[in-house]
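Worksheet: one structure, shown below.
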Amino acid sequence: MATQYLAVAQKILAAVGGKENIDHANHCATRLRLNLKDDTRIDEKGLYEISEVVKLVNNGSQFQIVIGPKVEKIFAALSELLPAAQESAEIQVQDASLFNRLLATLSAIFTPYIGVLAGVGVVKGLVVLLQTLELISTKSWLFVVFNALSSGVFVMLPLFIAVTAADRFKTSRFTALALTAAMIFPLTDAATPDHVEIFNLAFPLKIYGGAVIPAIFAVWFLSYVERWCKKWVPEIAALVFVPCLSLIISGFVVFTVIGPIADYVGIGIANGYTWLYNLSPMLSGALLAGIGQLFVVFGVHWGIIPIALINMQVNGYDTVMAMLMSAVMGQFGAAFGAIFIARNLKDKQLAISASISAFFGITEPALYGVNLKYRMLFIFGCIGAALGGAITGLLEVKTYSFLPVLNVFELGLFSGPESKAIYEVFAIIVAFSVPMILTIIYGKTRVLVPAADLR
């Protein structure tokens, strides 16, 4: 742990009421996510005095401290001060609304490995780009290795879900891994049939590669079965027979009930989204991209990720992230434009730093440090995003691999049977350029005043 972040962690800990006020601590790509016992003990003024703190967001079930790219190192330092903080995750969340509890659960399940998914997305984009330019043969050793590195994670995604869902639902990681591995196994065994029939009902077996909803519900069900087994199996036999019985009971229920139903739910979600999108792809693109960064502002963007993953599993492609790429580029453009209208060195440095983060797909520094601060810049970003999203929808741009972090390094993933990467390039150029130009014109014609000073 870097010693420079220990002091920051100590200040944050003191400002949120001390370690005794924390039920659970976690983090995502840019935020510390804390479940606190008593929100009245938060010293917001003290937190804002910490230079690494960009913004505070309290959505009722979770207190979020927006930090930016340094969050992982600060969280590591905070974890050293909170050795038992991870052992209680549900106490306060249970009192929150169903929607907030759902978001908290999705965040806990997906955030720990979001960086890996983003890195794999870059590798996948490189593979597709090399293929598109015909610089690599699909039979070459280089392609085989790259393809395995960039595809394996998404096929085996239930294994990743198993680990984090097990932590969330308070069950054994290894039993959860065994259960989800069993769900994926039929895909690896040519002798296993695609489905089996019981009482004239067909039960599919090879449907769980990359499955999101079935994996989550499987581990959720396992958590109850395992607790029941621990209650009734004698302690002397628990080491062997708790996982044994948990797997047998959960396995048969998952393969015959939970898995097929959850799969149909996923198909229903994908079909419902596709139906809405097809009503007017251009309008859908403009609307979703235009308001896309509002999801980030309110900390509810984790509700979007499962939809994109489900689209990938059901349809083999996704349009959600294609549209949201313009949302990222819109705020990037506004922050980049702010560099040229900054009135002092501090504002210029802040705009440069925020722009660099946005270029790599992390927009919180741009949102909270620059665009929302001056309000109109955020609006310009949304306007550019809406225009870019409209182009994305009009040209029906699709991505053929999941994109958890949206940046230009993944543009190759927009090339496929029904989509071309150049279409997405055109959309993000518009999404970036329009707010940048509007910001420069706006800043050159009037003195920028922070929104807080206009009240």
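Computation of the quantities below employed the complete heavy-atom set of this structure, encompassing side-chain atoms and omitting hydrogens, waters and symmetry-equivalent molecules.
How far CG of N311 is from CG of D318: 4.5 Å, rounded to the nearest 0.5 Å. Atom OG of S433 and atom CE of M329 lie 11.0 Å apart (nearest 0.5 Å). In this structure, OH on Y442 lies 8.5 Å from CD1 on I379, to the nearest 0.5 angstrom. Between atom CG of residue L78 and atom CD1 of residue I22 there is a gap of 5.5 Å, rounded to the nearest 0.5 Å.
Every residue meeting the side chain to side chain contact (heavy atoms under 4.5 Å, CB included) condition with V54, not counting sequence neighbours, appears here in chain and number order: V66, Y368.
The shortest distance between side-chain heavy atoms of Y374 and F380 does not fall below 4.5 Å. Side chains of F336 and I339 form a contact here, defined as non-hydrogen atoms less than 4.5 Å apart. A heavy-atom distance below 4.5 Å is not found between the side chains of K348 and F340. Between L413 and Y400, the closest side-chain pair of non-hydrogen atoms is not below 4.5 Å. The closest side-chain heavy-atom distance from V296 to E364 is below 4.5 Å. In this structure, the side chains of L159 and L177 come closer than 4.5 Å at one or more pairs of heavy atoms. Counting only heavy atoms from C-beta outward, the side chains of S223 and K170 never approach each other to under 4.5 Å. The closest side-chain heavy-atom distance from V257 to F221 is not below 4.5 Å.
Heavy-atom neighbours of K420 NZ from other residues, nucleotides or ligands within 6.0 Å: at or below the threshold of 12. More than 12 non-hydrogen atoms from other residues, nucleotides or ligands lie less than 6.0 angstrom from CZ of F203. For CZ of F174, the number of neighbouring non-hydrogen atoms (other residues, nucleotides, ligands) closer than 6.0 Å is 12 at most. Around atom CZ of F426, no more than 12 heavy atoms belonging to other residues, nucleotides or ligands sit under 6.0 Å away. Heavy-atom contacts from other residues, nucleotides or ligands closer than 6.0 Å to OH of Y423 number 12 or fewer. For E72, the CD atom sits in a loose shell: 12 or fewer heavy atoms of surrounding residues, nucleotides or ligands are nearer than 6.0 Å.
Side-chain N/O atoms of N35 and D23 include no donor and acceptor closer than 3.5 Å.
Identified under the salt bridge (charged side-chain N to carboxylate O under 4.0 Å, His left out) test for residues 389-406, with sequence neighbours left out: K398-E418. Applying the salt bridge (charged side-chain N to carboxylate O under 4.0 Å, His left out) test to residues at least two apart or on different chains, none of the pairs has a partner in residues 135-147.
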Checklist entry - Given Q331 and L377, is the side-chain contact (heavy atoms from CB on, under 4.5 Å) satisfied, shown in steps? => result CA-CA 8 Å; Q331 297 304 320; L377 273 62; over 6 Å; no

Next on the checklist: Evaluate D263 against I213 for side-chain contact (heavy atoms from CB on, under 4.5 Å), listing each step before the verdict.
Outcome noted: CA-CA 7 Å; D263 184 59; I213 294 181; over 6 Å; no

Next on the checklist: Pair L205, F185 - check side-chain contact (heavy atoms from CB on, under 4.5 Å), show working.
Outcome noted: CA-CA 9 Å; L205 298 174; F185 172 75; over 6 Å; no

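Between F332 and F360, the distance separating the two ring centers is not shorter than 6.0 angstrom. Between F169 and Y224, the ring centre distance reaches or exceeds 6.0 Å.
When each of I261, I258, V265 is checked for a side-chain contact (heavy atoms from CB on, under 4.5 Å) with F217, only I258 meets the rule.
The main-chain N or O of I362 is never found under 3.5 Å from a side-chain atom of S357 such that the two would form a donor-acceptor pair.
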